[in-house]
Amino acid sequence: MSRVYQPIRTMMAREWSAYFNAPIAYVFLVIFLVLSAFFTFGVTRFYESGQADLRPFFFWHPWLYLILVPAVTMRLWAEEQRTGTAELLLTLSIKPGEAIIAKFLAAWLFMGLALLLTFPMVLTAFYLGEPDPGVMVSGYLGSLLLAGAYVAVGQFASSLTRNQVISFIIGVVVGLFLLLAGFPPVTDLLSQWAPPWLVDGVAGFSFMFHYDMLQRGLISLGDLVYFASVIVVMLVATHAALSRRLGRA
């Protein structure tokens, strides 16, 4: 069994090291933490509200991930294709699917580190009052799953082009679509001509619909399956895109 996962572990270690061998990891972590604190304390006035509730903190994560995650993932395959190392990588012992999973897990683990560094927010909430630990855990779980979905989308975008800027733009556009699908302006526009079942279907396809449930402390199998499905679909799409671009079956 260990031999089966060895290529994935090796590739994950390679990708993890690549983040910290370049300034991008440190820049991302600083920007994420600074913006999270600014929006939470400066915009939503978390401390002044005196409420032991992290929902104002988690509210901004979808918007932060929308811009920051594509910036992290844009190099995953675009740079490999630009330098020609993608063909070399996939002719070695590691299979394309293993490389895709390894790159995804490394990027998702990096996002997990960014979330872990926000732990002072938990201490602040306990300082302000007596928050519900279950809601906090659900909130962090929702944010981690959302980050994973964004990472999968970003990796797919990176597999479509050799240009990192184009990869970033595609990742933002796809992420924005999945984010806004359930917002009132979109559903109100659809409701003018579409049947209710279609409006509900589009709303249910939105990141925010499922993410919001988790922020309320409601962990349901449907929401977990949704995020897992988005990740799997995007990983499969990445495999298909790379196979087509690199001429592999």
Side-chain angles (χ1 to χ4, degrees), residues 11-49 53-80 82 102-128 131 136-137 139-158 163-176 178-179 207-208 211 214-215 231:
M11 188 69 178
M12 279 183 62
R14 171 182 179 269
E15 291 298 316
W16 181 261
S17 299
Y19 283 117
F20 293 95
N21 288 336
I24 184 172
Y26 306 99
V27 171
F28 173 87
L29 291 175
V30 170
I31 291 177
F32 176 72
L33 295 175
V34 169
L35 289 180
S36 295
F38 170 74
F39 285 119
T40 303
F41 293 100
V43 178
T44 56
R45 302 291 181 180
F46 173 73
Y47 191 80
E48 287 82 351
S49 67
D53 184 0
L54 288 185
R55 290 192 66 186
F57 165 68
F58 290 120
F59 172 81
W60 298 103
H61 285 195
W63 306 102
L64 292 175
Y65 292 157
L66 177 64
I67 302 299
L68 296 179
V69 173
V72 172
T73 59
M74 65 183 183
R75 52 163 286 278
L76 289 180
W77 288 107
E79 183 66 15
E80 300 272 17
R82 186 186 68 82
K103 283 177 173 286
F104 166 75
L105 291 177
W108 196 11
L109 183 62
F110 178 72
M111 293 305 305
L113 173 62
L115 272 177
L116 182 63
L117 293 177
T118 66
F119 186 75
M121 290 298 306
V122 176
L123 301 180
T124 303
F126 277 101
Y127 173 77
L128 293 175
M136 284 188 176
V137 171
Y140 270 99
L141 175 62
S143 184
L144 184 62
L145 291 173
L146 180 67
Y150 271 115
V151 168
V153 169
Q155 182 177 208
F156 169 65
S158 184
N163 189 302
Q164 294 191 39
V165 175
I166 296 177
S167 169
F168 173 81
I169 294 174
I170 294 175
V172 171
V173 171
V174 176
L176 184 62
L178 291 172
L179 186 61
F207 279 166
M208 288 302 297
Y211 178 72
L214 289 166
Q215 300 319 300
I231 291 172

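Throughout, numbering of the chain's residues begins at 1 and tracks the sequence.
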Residues in side chain to side chain contact (heavy atoms under 4.5 Å, CB included) contact with Ala102, at least two apart in sequence or another chain
Ile8, Met11, Met12
So CE of Met121 and OH of Tyr140: to nearest 0.5 Å the spacing works out to 7.0 Å
Report the C-alpha separation of Leu105 and Glu15 in whole Å, then their side-chain angles, then the decisive distance to 0.1 Å, and conclude whether the side chain to side chain contact (heavy atoms under 4.5 Å, CB included) test is met.
CA-CA 9 Å; Leu105 291 177; Glu15 291 298 316; over 6 Å; no
Measuring only between side-chain heavy atoms, which start at C-beta, is Pro62 closer than 4.5 Å to Tyr211?
yes
Please list, chain by chain and in numerical order, all residues satisfying ring pair (Phe, Tyr, Trp, His ring centres under 6.0 Å) with Phe104, sequence neighbours excluded.
Trp108
Determine whether Phe57 and Thr124 satisfy the following criterion, side chain to side chain contact (heavy atoms under 4.5 Å, CB included), listing intermediate values before the conclusion.
CA-CA 11 Å; Phe57 165 68; Thr124 303; over 6 Å; no
With rounding to the nearest 0.5 angstrom, report the CE to CZ distance, Met136 to Arg55.
13.5 Å
With sequence neighbours left out, what residues match Val69 under side chain to side chain contact (heavy atoms under 4.5 Å, CB included)?
Tyr65, Thr73, Met111, Tyr150, Val151
Minimal non-hydrogen separation, Ala157 against Gly171, with atom names:
CB-N, 3.6 Å
Do Phe168 and Ile67 have side-chain heavy atoms sitting under 4.5 Å apart?
yes
Correct closest heavy-atom pair for Gly142 and Leu214 would be CA-CD1, 3.4 Å
Tell me every residue that passes side-chain hydrogen bond (donor to acceptor under 3.5 Å, both in side chains) with Tyr19, counting only those two or more places apart in sequence or in another chain.
none
Would a 4.5 Å heavy-atom cut-off, applied to side chains only, mark Leu113 and Trp16 as touching?
yes
Quick one: side chain to side chain contact (heavy atoms under 4.5 Å, CB included) partners of Val165, sequence neighbours excluded?
Asn163, Ile169
Do you know the tightest heavy-atom contact between Val153 and Gly175?
CG1-N, 4.2 Å
Distance in Å, Phe207 CZ paired with Leu146 CG, rounded so as to fall on 0.5 Å steps
6.0 Å
Using a 4.5 Å cut-off on heavy atoms from C-beta on, say whether the side chain of Leu68 contacts that of Val72.
no
Donor-acceptor contacts under 3.5 Å from residues 22-36 side chains, at least two apart:
unit_1: Tyr26; atom_1: OH; unit_2: Phe20; atom_2: O; d: 3.4
unit_1: Ser36; atom_1: OG; unit_2: Phe32; atom_2: O; d: 2.7

Straight-line distance of Ser167 OG to Phe156 CZ, nearest 0.5 Å:
10.5 Å
